[in-house]
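Taking it in order: structure first as structure tokens, then the write-up.
Every chain is numbered from 1, with letters handed out A, B, ... down the list of sequences. Computed from a prediction, not measured in an experiment: that's the story for all the values here.
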Amino acid sequence: MPELPEVETVARGLQREIAGQKILSVALGKTDFIDNPEALERELPGRTVVRVERYGKFLLLRLSEREDGQPGEGETALLVHLGMTGSLTPKVVREPQIKHTHVVMLLGDGRELRYADPRRFGRLAYLSGDSLSGELRRFGLDPLEMSLAEFAEKIHGRNARIKALLLDQSILRGVGNIYADESLWKAKIHPAQLGGRLKADRVKALYVALQAILQKAILLRGSSISDFLDAEGFPGEYQQHHRAYGREGKPCFRCRTPIRRVIVAGRSSHYCPNCQRAPRQRKKLRKRVKQRRNVKR
DNA sequence: CTCGATCCCTGGACGC
DNA sequence: TGCGTCCAGGGATCGA
């Protein structure tokens with residue numbers, strides 16, 4: 001499942017492989033995961049992929065103006081979310097299409113940029129101008145660019161579980177289930193702990209852990225658990241460094257206590273019951289945290 | 001604001 | 001071998 005490190009890996013690969021390429025044509029298969037398929041067919045041909053960036057879990061293919069296009073439409077981009085099983089890879093035309101290839105963009109150098117996605121949990125959208133900036137504004141801080149103070153402010157006063165806050169893309173953009181669990185394990189915080197009840201030193205530990213883990217995962221080209229491959233078709237290595245995720249029943253790397261798996265925020269959550277101590281009962285907390293937090297701004 | 005439930009979708013694991 | 005069933009999970013949406 002592509003999260004920030006995997007998407008970063010793909011973005012870097014695509015930047016190297018296809019930046020500067022013009023899109024000559026677009027062919028679509030199933031389109032139920034595309035925001036506006038007609039816009040893709042109409043707008044992409046004739047535009048050049050100026051550069052490829054990561055934005056949270058999105059790939060952002062920045063596009064040039066079309067040569068025949070009207071001026072003043074502002075920035076344009078193709079947003080690609082890989083969902084659970086999406087892949088976006090340049091291939092030579094003679095290479096057979098893998099199953100579930102739904103978008104094929106012919107490039108100026110003769111290759112094809114192909115989007116395949118068996119489960120179609122991904123998303124494609126051509127956006128420009130205000131709709132592009134508006135879409136990007138829906139998302140929160142980049143975990144690698146935020147300061148500790150910014151992170152702390154987002155957590156402060158929140159009554160939701162820390163796991164839910166980490167996964168909330170409007171708070172942080174790019175963290176998914178794997179790196180949430182790994183960060184919480186490293187910072188010794190129970191996933192069901194309420195965000196607003198974390199002490200400053202715990203928030204800092206989480207901030208440090210999150211950034212360290214994401215950076216190391218990027219270095220290792222992400223985690224390949226459900227057949228994730230980067231833009232060149234290589235798997236990542238970070239799955240070999242997982243300490244919590246996918247390790248139910250296996251000994252904690254710190255204390256040998258078996259890792260436990262529970263559902264928190266609707267997602268399976270892996271943690272060490274010894275190192276990551278459970279919060280007290282929700283009901284009590286509810287009453288306790290009765291005083292309102294003031295809305296600033 | 002926060003929660004859980006539901007849906008989307010396919011492939012892989014598992015049981016018989 | 002071949003079925004059926006369950007599950008995984010990011011995100012949107014809805015009702016409590």
Name each donor-acceptor pair under 3.5 Å that joins a side chain in residues 103-113 of chain A to protein atoms two or more places apart or in another chain, with its distance.
{"from": "A:Asp109", "atom 1": "OD1", "to": "A:Arg111", "atom 2": "N", "distance (Å)": "2.9"}
{"from": "A:Asp109", "atom 1": "OD2", "to": "A:Arg111", "atom 2": "NE", "distance (Å)": "2.9"}
{"from": "A:Asp109", "atom 1": "OD2", "to": "A:Arg111", "atom 2": "NH2", "distance (Å)": "2.9"}
{"from": "A:Arg111", "atom 1": "NH1", "to": "A:Glu17", "atom 2": "OE1", "distance (Å)": "2.7"}
{"from": "A:Arg111", "atom 1": "NH2", "to": "A:Glu17", "atom 2": "O", "distance (Å)": "2.7"}
{"from": "A:Glu112", "atom 1": "OE1", "to": "A:Arg114", "atom 2": "NE", "distance (Å)": "3.0"}
{"from": "A:Glu112", "atom 1": "OE1", "to": "A:Arg114", "atom 2": "NH2", "distance (Å)": "2.9"}

Determine all donor-acceptor pairs shorter than 3.5 Å in which one atom belongs to a side chain in residues 249-263 of chain A; sequence neighbours excluded.
{"from": "A:Arg254", "atom 1": "NH1", "to": "A:Trp185", "atom 2": "O", "distance (Å)": "3.0"}
{"from": "A:Arg254", "atom 1": "NH2", "to": "A:Trp185", "atom 2": "O", "distance (Å)": "2.8"}
{"from": "A:Arg261", "atom 1": "NE", "to": "A:Glu248", "atom 2": "OE1", "distance (Å)": "3.1"}

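Here A:Arg119 does not reach the OP1 or OP2 of B:dC8: none of its side-chain N or O atoms lies under 4.0 Å away. Taking side-chain N and O atoms only, A:Lys30 has no distance below 4.0 Å to OP1 or OP2 of B:dC9. Within the 4.0 Å cut-off from OP1 or OP2 of B:dG11, at least one side-chain nitrogen or oxygen of A:His100 is found. Contact between the side-chain N/O atoms of A:Arg161 and the OP1/OP2 oxygens of B:dG4 is found at a separation under 4.0 Å.
Using a 4.0 Å cut-off between a side-chain N of Lys or Arg and a carboxylate O of Asp or Glu, A:Asp181 and A:Arg243 do not qualify as a salt bridge.
Here side chain to side chain donor-acceptor pair (under 3.5 Å) pairs that include residues 53-63 of chain A, with residues two or more places apart or in two chains, are A:Glu8-A:Arg54, A:Arg51-A:Glu53, A:Glu53-A:Arg62, A:Arg54-A:Asp142, A:Arg62-A:Glu75. For the salt bridge (charged side-chain N to carboxylate O under 4.0 Å, His left out) condition, the pairs that include at least one residue of residues 19-34 of chain A, sequence neighbours left out, are A:Lys22-A:Glu67, A:Asp32-A:Arg120.
In this structure, CZ of A:Phe121 is placed 8 Å from C1' of B:dT10, rounded to the nearest angstrom. A:Asp168 has its CG atom 9 Å from the P atom of B:dT2, to the nearest Å. Rounding to whole angstrom units, CZ of residue A:Arg267 and P of B:dC3 are separated by 14 Å. Atom CG in A:Asp35 sits roughly 19 Å away from atom P in B:dC8 (whole-Å rounding). Distance, A:Asp117 CG to B:dC8 P: 16 Å, rounded to whole Å. Atom CD1 in A:Ile263 sits roughly 11 Å away from atom P in B:dA5 (whole-Å rounding). For the pair A:Met84 CE and B:dC8 C1', the computed distance is 12 Å after rounding to whole Å.
Aromatic rings of A:His81 and A:Phe58 (six-membered ring for Trp) have centroids within the 6.0 Å cut-off, being under it.
Here the range on DNA chain C touched by chain A, meaning any atom under 4.0 Å from one of its heavy atoms, is C:dA8 to C:dA12.
Looking at heavy-atom distances under 4.0 Å, A:Arg173 makes no contact with the nucleic acid at all. When heavy atoms are screened at a 4.0 angstrom cut-off, A:Arg123 is found touching no nucleic acid atom at all. If you check every strand for non-hydrogen atoms under 4.0 Å, A:Asp32 touches sugar and phosphate atoms only.
No donor-acceptor distance shorter than 3.5 angstrom exists from the side chain of A:Thr48 to the backbone of A:Ser64, with no hydrogens or angles considered. The closest donor-acceptor contact from the side chain of A:Glu41 to the backbone of A:Ala27 lies at 3.5 Å or more, if one exists at all. Here the side chain of A:Glu3 pairs a donor or acceptor atom with the backbone of A:Asn177 at under 3.5 angstrom.
Between the two ends of the helix from B:dT2-C:dA16 to B:dC16-C:dG2, each summarised by a five-pair axis, the helix axis turns through 40° (rounded to 10 degrees).
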